[in-house]
2 protein chains.
Amino acid sequence: MREFLKTKGFKMTPQRELIFRSFFELTDHVSVDELYIKVRKKDSSIGYSTVWRNLKLICKVGLAEEVNVGDGITRYDHITKVPHGHLFCINCKKLIEFNVEQIIAILAQTASDKNFAPESFKIEIQGYCEECSKDNKSDSNGFSQKQQKLN
Amino acid sequence: MREFLKTKGFKMTPQRELIFRSFFELTDHVSVDELYIKVRKKDSSIGYSTVWRNLKLICKVGLAEEVNVGDGITRYDHITKVPHGHLFCINCKKLIEFNVEQIIAILAQTASDKNFAPESFKIEIQGYCEECSKDNKSDSNGFSQKQQKLN
DNA sequence: AGTCTAAATGAAAACGACTTTCATTTTCAA
DNA sequence: TTGAAAATGAAAGTCGTTTTCATTTAGACT
């Protein structure tokens, strides 16, 4: 990792090491806050902005990407070889991945038809996961939690 | 419109009338700021929060929905009968719609396979539109404009 | 090992879109 | 006409994100 970063002009530091490690240990999508909390448990002197900057850096060097489901929180997703879509549970905020090969093929064709040069694809289903759909039958008006309230 | 709102417990006002009219005149996706500017040209005494609240109201009564492409700006999209995806130009911020019937069918199946109860689908391609891809060959690292800068 | 420069850090402040508050005005049903 | 509920405008508040700035540190080069 140190060498990898060096080739891109970045230095390794103890803080960075810890942040990178912590991020790659996780398998799910993490927000800055979540990673900050996790990292703080190991080194409580690390600042929030350092965590933030390093997540941005991980994206910049191509090892993660931002996921934005519209609830106002940016999450960071490991970049895997296979592109995937997200099932986002409106209730428990869980993100579940699913395969989108077939869909990407269709989208690539769509873009091409419209002379649009695609950089990335976003495929997302919002709804209720298996657990949450058991109880949560009501309250589904299409607004996100945050936007639910209106006066 | 007045009657329609009345049935839902809302009142009509001159400001609301103007805001609704202005919104429905537009065919494209508008942000609060954009609508605020448009509305101000007709009545410069209208407040920003009134425009914001009325866009929320239009959503609430089911005539529009929020679109969030991850650039930090919420746009409001007219609800049409046909569901559609969005081509978002990273450069000029234009949103272009496209048909997604086939894809929705696949996604519905996917959700069903995972016992996920879908409420809405989001299908989006980020990239460069025909005009912008003519010059903008560089600068495509997957970051949105806003997130481009890092220190 | 010592020195230098660019990069990295932490704390705090700034930013910006969104949302709420509050005093006042307006709508509309009775 | 009148009163309760809803709507408005201005201003302030919220909150995740981003930048600033003074200081420290990494790593290249003597």
Side-chain angles (χ1 to χ4, degrees), chain A residues 1-20 30-37 39-40 43-61 66-76 93 143-151, chain B residues 1-20 30-37 39-40 43-61 66-76 93 143-151:
Chain A
M1 191 73 252
R2 182 180 227 93
E3 286 310 310
F4 172 72
L5 286 177
K6 193 185 293 181
T7 65
K8 308 219 171 199
F10 301 107
K11 297 172 178 173
M12 184 48 83
T13 66
Q15 294 92 333
R16 176 159 293 167
E17 169 112 36
L18 174 55
I19 294 166
F20 274 50
V30 78
S31 64
V32 182
D33 279 359
E34 287 164 351
L35 191 59
Y36 175 61
I37 288 166
V39 155
R40 275 245 156 187
D43 177 350
S44 65
S45 70
I46 289 188
Y48 178 92
S49 48
T50 299
V51 175
W52 177 80
R53 279 185 289 230
N54 276 290
L55 274 171
K56 286 287 188 188
L57 181 63
I58 293 173
C59 289
K60 190 164 203 172
V61 300
E66 305 193 332
V67 178
N68 203 305
V69 293
D71 67 345
I73 308 225
T74 302
R75 275 164 262 254
Y76 294 81
K93 314 294 180 195
F143 283 82
S144 78
Q145 201 83 341
K146 193 183 173 190
Q147 298 155 345
Q148 201 87 263
K149 215 182 337 169
L150 180 56
N151 278 335
Chain B
M1 191 74 250
R2 181 180 227 95
E3 286 311 310
F4 172 71
L5 286 177
K6 193 185 294 181
T7 65
K8 307 221 170 198
F10 301 109
K11 296 171 178 175
M12 183 49 82
T13 66
Q15 294 92 333
R16 175 159 295 166
E17 169 113 37
L18 175 54
I19 293 167
F20 273 51
V30 77
S31 63
V32 181
D33 278 0
E34 287 164 352
L35 191 60
Y36 176 61
I37 288 166
V39 155
R40 276 246 155 185
D43 177 350
S44 64
S45 70
I46 288 187
Y48 176 92
S49 47
T50 300
V51 175
W52 177 80
R53 279 186 288 231
N54 276 289
L55 274 171
K56 286 286 189 188
L57 181 63
I58 293 172
C59 290
K60 190 164 201 173
V61 299
E66 305 194 332
V67 178
N68 203 305
V69 293
D71 67 345
I73 308 228
T74 302
R75 274 165 262 254
Y76 294 81
K93 316 294 179 195
F143 282 82
S144 78
Q145 200 83 342
K146 192 184 175 191
Q147 298 155 343
Q148 201 87 264
K149 214 180 339 168
L150 180 57
N151 281 336

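Just so it is clear: chains get the letters A, B, ... in the order the sequence lines come, proteins before strands, and each one is counted from 1.
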Answer with yes or no whether A:Arg75 presents, from its side chain, a donor or acceptor under 3.5 Å of a partner atom in the base of D:dT17. no

Taking the side chain as everything from C-beta on, heavy atoms only, tell me whether A:Arg40 gets closer than 4.5 Å to A:Val51. no

Rounded distance (Å) that lies between atom P of D:dT18 and atom CG of A:Asp33: 13 Å

Rounded interatomic separation in angstrom, taking CG from A:Leu55 and C1' from D:dT18: 14 Å

Could you tell me the separation between the CZ atom of A:Arg53 and the C1' atom of D:dT19, rounded to a whole number of Å? 9 Å

Between the CG atom in A:Leu55 and the CD atom in A:Glu34, the distance rounded to the nearest 0.5 Å is 10.5 Å

Go through D:dA7, D:dT19, D:dA10 for me and flag the one nearest to the B:Arg16 side chain. D:dA7

Can you tell me how far NZ of B:Lys6 sits from CE of B:Met12, rounded to the nearest 0.5 angstrom? 10.5 Å

Nearest heavy-atom pair of A:Ile73 and A:Ser31: which atoms, and what distance? CG2-CB, 3.7 Å

Using heavy atoms to find the nearest nucleotide of DNA chain D for B:Arg40 and B:Gly9 separately, return the residue whose nucleotide is more 5′. B:Gly9

Just the rounded figure in Å: distance from C1' of D:dT8 to OH of B:Tyr36. 13 Å

Distance col, row A:Thr13:OG1 vs A:Asn54:CG, nearest 0.5 angstrom, shows 6.5 Å

Looking only at side-chain N and O atoms, does B:Ser49 come under 4.0 Å of OP1 or OP2 in C:dT19? no

When rounded to whole Å, the CG to C1' distance for the pair A:Asp43 and C:dT9 reads 11 Å

B:Ser31 (side chain) and C:dA17 (base): donor-acceptor pair under 3.5 Å: no

Residues B:Phe20 and B:Leu57: closest non-hydrogen pair is CZ-CD2, 4.0 Å

Quickly work out the B:Trp52 CH2 to C:dC18 C1' distance and round it to whole Å. 7 Å

Phosphate OP1/OP2 of D:dG9: any B:Gln15 side-chain N/O under 4.0 Å: yes

Protein-nucleotide distance (A:Asn54, atom CG; C:dA7, atom P), rounded to Å: 15 Å

Give the rounded distance in Å between these two atoms: CG of B:Asp71 and P of C:dG16. 14 Å

To the nearest 0.5 Å, what is the distance between CG (A:Asp71) and CG (B:Asn68)? 9.0 Å

Nucleotide N/O to protein N/O under 3.5 Å, stretch nucleotides 27-30 of chain C:
residue: C:dT27; atom: O3'; partner: B:Met12; partner atom: O; Å: 3.4
residue: C:dT27; atom: O2; partner: B:Lys11; partner atom: NZ; Å: 2.7
residue: C:dC28; atom: OP1; partner: B:Met12; partner atom: N; Å: 3.1
residue: C:dC28; atom: OP2; partner: B:Arg2; partner atom: NH2; Å: 2.9

Answer yes or no: does a side-chain N or O of A:Tyr48 lie under 4.0 Å from OP1 or OP2 of C:dT9? no

